[in-house]
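Just the heavy atoms: all of them, side chains too, but no hydrogens, waters or symmetry mates, feed the values below. Remember, predicted model here, so these are calculated numbers, not experimental data.
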Amino acid sequence: MKNVVLGMSGGVDSAVSAWLLKRQGFNVIALFMHNWEESDDGCCTAEQDFADVKRVSDKLDIPYYSVNFAKEYKERVFSYFLDEYKKGRTPNPDVLCNREIKFGPFLQYAKALGADYIATGHYCGVSHLNGKHYLLKAKDQSKDQTYFLNQLSQNQLADVLFPLADIEKSEVRKIADKLGLVNAEKKDSTGICFIGERNFRSFLQNYLPNQRGEIVDVNGKSVGEHIGLMYYTLGQRRGLGLGGTAEGQGRWFVVEKDLENNKLIVSHGDESVLLSNSLLASSMNWIPDCPSESFTCTAKFRYRQPEQKVDVKVLTDGRISVNFHEKQRAVTPGQFVVLYDGVKCLGGGIIDEVYK
RNA sequence: AGGGGUAUAGCCAAGCGGUAAGGCAUCAGACUUUGACUCUGACACUCGUAGGUUCAAAUCCUGCUACCCCUG
């Protein structure tokens with residue numbers, strides 16, 4: 001009997017994953033990760049989650065353990081997260097969390113425990129052909145999480161199982177309900193992985209100094225004050241506090257950050273200034289290999305966005321240039337561009353430059 | 001201290017005697033394993049202020065106050 005170490009979060013997805021794996025004949029071991037030390041009042045959600053892991057594991061009659069990677073998380077994910085914000089970019093920590101934690105120390109720990117495979121409750125699939133490993137989109141397109149896994153290497157994908165590849169989310173809920181799992185109705189978790197949902201501003205404020213500055217419109221006219229550039233991202237409209245003008249109605253959007261002068265540049269009503277035609281991305285990861293020097297495929301520039309048609313060119317330094325068939329709104333440096341060919345996720349990279 | 005204009009929620013802004021449109025912001029939900037976007041809902045017993053006319057005023061009249069503009 002093969003051993004599978006399953007990352008169990010306390011949520012319904014990984015719980016049902018455990019049952020599915022067990023039904024497939026695996027010897028399932030649940031492993032809960034504790035990766036963030038709550039220093040503030042964000043009261044013990046991790047403990048709550050672990051309590052759910054216990055109850056689910058008992059119900060399914062599988063052993064469970066807990067492991068703490070808070071140090072690794074801080075060093076490999078959180079530091080990057082803060083660095084990006086310092087540069088005025090908008091990072092996606094959860095992509096890194098997968099590459100650096102779940103498929104890093106967690107994977108190694110599982111192997112040390114004697115795992116033949118690791119598994120997670122991600123909505124995505126994996127397939128293997130001629131020694132190559134492919135990352136596939138989930139059957140439930142609306143929940144597909146390949147975007148967050150675009151940085152996984154061949155080694156990281158070699159021995160992983162994704163039990164939810166072919167199951168709709170609604171089905172997962174039904175199974176949990178039928179099994180009588182305590183988290184059958186538990187709300188999906190959101191917010192930064194392991195850190196959770198919290199007031200973004202007050203959270204960041206604990207780690208980064210913020211400097212108030214001027215908000216100016218596209219013509220350079222001062223229209224307000226911002227509370228620190230790091231709190232804003234391109235295309236954002238909430239939190240600006242800017243009201244109506246005599247010129248007409250419309251919403252204000254963040255168009256650009258001027259780090260040098262600590263100015264936030266906004267546009268009123270006209271969103272066309274947020275549209276771009278192409279981008280440059282680095283830190284490319286290919287799954288399994290770069291298809292060719294230039295090709296056409298689809299891409300996402302952020303999670304939960306419909307795929308867009310693009311032309312990709314691989315540059316000599318390994319970066320890629322991506323041209324959009326249709327202009328895209330608010331493509332943002334720091335976010336990942338993830339490429340797809342049908343159901344296959346081809347990999348992705350970090351957006352460095354965006355061109356109008 | 002000559003003349004003219006404007007004063008409606010945090011910001012724009014309808015209303016022109018019959019019992020306060022709309023937009024933005026804000027807040028709350030929904031959506032969401034980033035940050036956003038998006039969607040839904042809430043949001044002026046009151047119209048600068050004090051009086052007056054009227055069955056009835058934000059709407060008409062008068063005084064006051066504030067701001068703006070023009071001429072001195």
Side-chain angles (χ1 to χ4, degrees), chain A residues 7 9-14 33 35-36 45 49 73 77-78 80-82 84-85 87-102 120-124 138 140-151 164 169 186-201 203-204 208 215 217 223-226 228-255 257 264 266-271 274-275 300-306 328-338 348 350-351:
Chain A
S9 65
V12 67
D13 295 332
S14 52
M33 275 179 280
N35 295 345
W36 186 254
T45 54
D49 289 334
Y73 186 86
V77 180
F78 202 63
Y80 145 85
F81 176 76
L82 296 180
E84 287 287 274
Y85 272 113
K87 294 180 198 160
R89 314 208 320 170
T90 306
N92 189 325
D94 291 358
V95 172
L96 269 271
C97 177
N98 282 306
R99 187 181 79 189
E100 299 296 331
I101 304 296
K102 292 175 187 162
T120 70
H122 282 110
Y123 284 88
C124 63
D140 190 337
Q141 296 261 351
S142 68
K143 293 299 293 184
D144 176 63
Q145 290 171 322
T146 49
Y147 184 88
F148 294 108
L149 301 173
N150 78 79
Q151 289 287 303
L164 304 183
K169 175 80 187 199
K186 188 171 174 180
K187 199 176 181 307
D188 286 1
S189 65
T190 58
I192 298 170
C193 199
F194 297 115
I195 295 178
E197 249 184 302
R198 51 187 74 214
N199 184 302
F200 190 69
R201 289 181 176 176
F203 176 69
L204 259 194
L208 292 175
I215 299 181
D217 69 11
V223 292
E225 189 188 50
H226 72 251
L229 286 181
M230 65 199 177
Y231 299 122
Y232 307 88
T233 189
L234 302 192
Q236 179 172 337
R237 80 178 176 85
R238 298 203 115 101
L240 292 172
L242 297 176
T245 68
E247 282 93 67
Q249 51 193 36
R251 300 162 164 181
W252 292 94
F253 288 89
V254 174
V255 173
K257 296 189 191 182
L264 189 68
V266 297
S267 168
H268 186 227
D270 180 18
E271 288 188 58
L274 283 168
L275 297 176
K300 284 198 212 183
F301 309 100
R302 52 184 168 274
Y303 181 52
R304 293 200 102 242
Q305 172 203 25
Q328 298 296 313
R329 179 188 184 279
V331 175
T332 305
Q335 293 284 289
F336 284 80
V337 54
V338 180
I350 299 184
I351 299 167

S.K.: Under 4.0 Å, counting only non-hydrogen atoms across every strand here, what does A:S9 touch: a base, just sugar-phosphate, or nothing?
M.R.: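 Here A:S9 touches no strand at all.
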S.K.: Flag the pair A:K143 and A:D13 as a salt bridge only when some basic side-chain nitrogen lies within less than 4.0 angstrom of an acidic carboxylate oxygen.
M.R.: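 No, no charged N to carboxylate O under 4.0 Å.
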S.K.: Would you say a side-chain N or O of A:R251 is under 4.0 Å from OP1 or OP2 of B:C24?
M.R.: yes
S.K.: What's A:H268 touching, base or sugar-phosphate or nothing? Going by heavy atoms closer than 4.0 Å.
M.R.: nothing
S.K.: Base, sugar-phosphate, or nothing for A:R237, non-hydrogen atoms under 4.0 angstrom?
M.R.: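 A:R237: backbone/sugar contact only, no base atoms under 4.0 Å.
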S.K.: Look through every strand shown and name the nucleotide pairing with B:G22 as Watson-Crick or G-U wobble, where both distances are under 3.5 Å.
M.R.: B:C12
S.K.: Between the side chains of A:K102 and A:D94, is the shortest nitrogen-to-carboxylate-oxygen separation below 4.0 Å, so that they form an ion pair?
M.R.: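 Not counted as a salt bridge, because no side-chain N and carboxylate O are separated by less than 4.0 Å.
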S.K.: So do the side chains of A:R237 and A:W252 get within less than 4.5 Å of each other, counting heavy atoms only?
M.R.: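 Not in contact.
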S.K.: So what's B:G41 paired with, Watson-Crick or G-U wobble, going by both distances under 3.5 Å?
M.R.: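 Result: B:C27.
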S.K.: Between B:G35 and B:C69, how far is it from one C1' atom to the other, in whole Å?
M.R.: 47 Å
S.K.: Give one of base, sugar-phosphate or nothing for A:R238, where a contact means two heavy atoms less than 4.0 Å apart.
M.R.: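 Base, at least one base atom sits under 4.0 Å.
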S.K.: Write down the partner of B:U59 under the Watson-Crick or G-U wobble criteria, each distance required to be under 3.5 Å.
M.R.: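 Its partner: none found.
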S.K.: Considering the options A:F78, A:Y80, A:Y85, which one meets the side chain to side chain contact (heavy atoms under 4.5 Å, CB included) requirement together with A:L82?
M.R.: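 Of the listed options, the one satisfying the test is A:F78.
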S.K.: NA contact type, A:P91, heavy-atom cut-off 4.0 Å: base, sugar-phosphate, or nothing?
M.R.: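 Base: the residue A:P91, judged by heavy atoms under 4.0 Å, touches a nucleobase.
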S.K.: More 5' along RNA chain B: A:F301 or A:R329, using each one's nearest nucleotide?
M.R.: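 Counting from the 5' end, the first nearest nucleotide belongs to A:F301.
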S.K.: Identify, between A:K143 and A:Q236, the residue whose nearest nucleotide on RNA chain B lies closer to the 5' end.
M.R.: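 With A:K143 and A:Q236 compared, the 5'-side residue is A:K143.
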S.K.: Please state whether the phosphate of B:U33, meaning OP1 or OP2, lies under 4.0 angstrom from any side-chain nitrogen or oxygen of A:Y303.
M.R.: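 For B:U33, OP1 or OP2 has a side-chain N or O of A:Y303 closer than 4.0 Å.
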S.K.: Please give the distance between the P atoms of B:U54 and B:U59 as a whole number of Å.
M.R.: 16 Å
S.K.: Would you classify A:Q305 as touching base, sugar-phosphate or nothing, given that sugar-phosphate means primed atoms plus P, OP1 and OP2, and contacts are heavy atoms under 4.0 Å?
M.R.: nothing
S.K.: For B:U53, which nucleotide in any strand shown is its Watson-Crick or wobble partner with both distances under 3.5 Å?
M.R.: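 Per the H-bond distance test, none.
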S.K.: Determine which nucleotide pairs with B:A66, using a 3.5 Å limit on both distances of a Watson-Crick or G-U wobble pair.
M.R.: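 Partner of B:A66: B:U6.
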S.K.: Mind checking A:G239 for me? I need base, sugar-phosphate or nothing, with any heavy atom below 4.0 Å counting as a touch.
M.R.: sugar-phosphate
S.K.: Kindly assign one of parallel, tilted or perpendicular to the pair A:Y147 and A:Y303, based on the angle between their ring planes and the thresholds 30° and 60°.
M.R.: tilted
S.K.: Looking only at atom C1', what distance separates B:C31 and B:U40, rounded to whole Å?
M.R.: 11 Å
S.K.: Taking the same atom, P, in B:G29 and in B:U65, what whole-Å distance lies between them?
M.R.: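 So the two P atoms sit 48 Å from each other.
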S.K.: Would you classify A:G250 as touching base, sugar-phosphate or nothing, given that sugar-phosphate means primed atoms plus P, OP1 and OP2, and contacts are heavy atoms under 4.0 Å?
M.R.: sugar-phosphate
S.K.: Considering every strand shown, what is the Watson-Crick or G-U wobble mate of B:U34 when both distances are under 3.5 Å?
M.R.: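 None - no nucleotide pairs with B:U34, as no candidate has both distances under 3.5 Å.
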S.K.: Among B:C37, B:U34, B:U32, which nucleotide sits nearest the side chain of A:R304?
M.R.: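 The answer is B:U32.
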S.K.: Does the plane of the ring in A:F81 sit parallel, tilted or perpendicular to the ring in A:F203? Use 30° and 60° as the thresholds.
M.R.: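 Aromatic pair A:F81/A:F203 classed tilted.
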S.K.: With a non-hydrogen cut-off below 4.0 angstrom, is A:F336 in contact with a base, only sugar-phosphate, or nothing?
M.R.: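 No contact.
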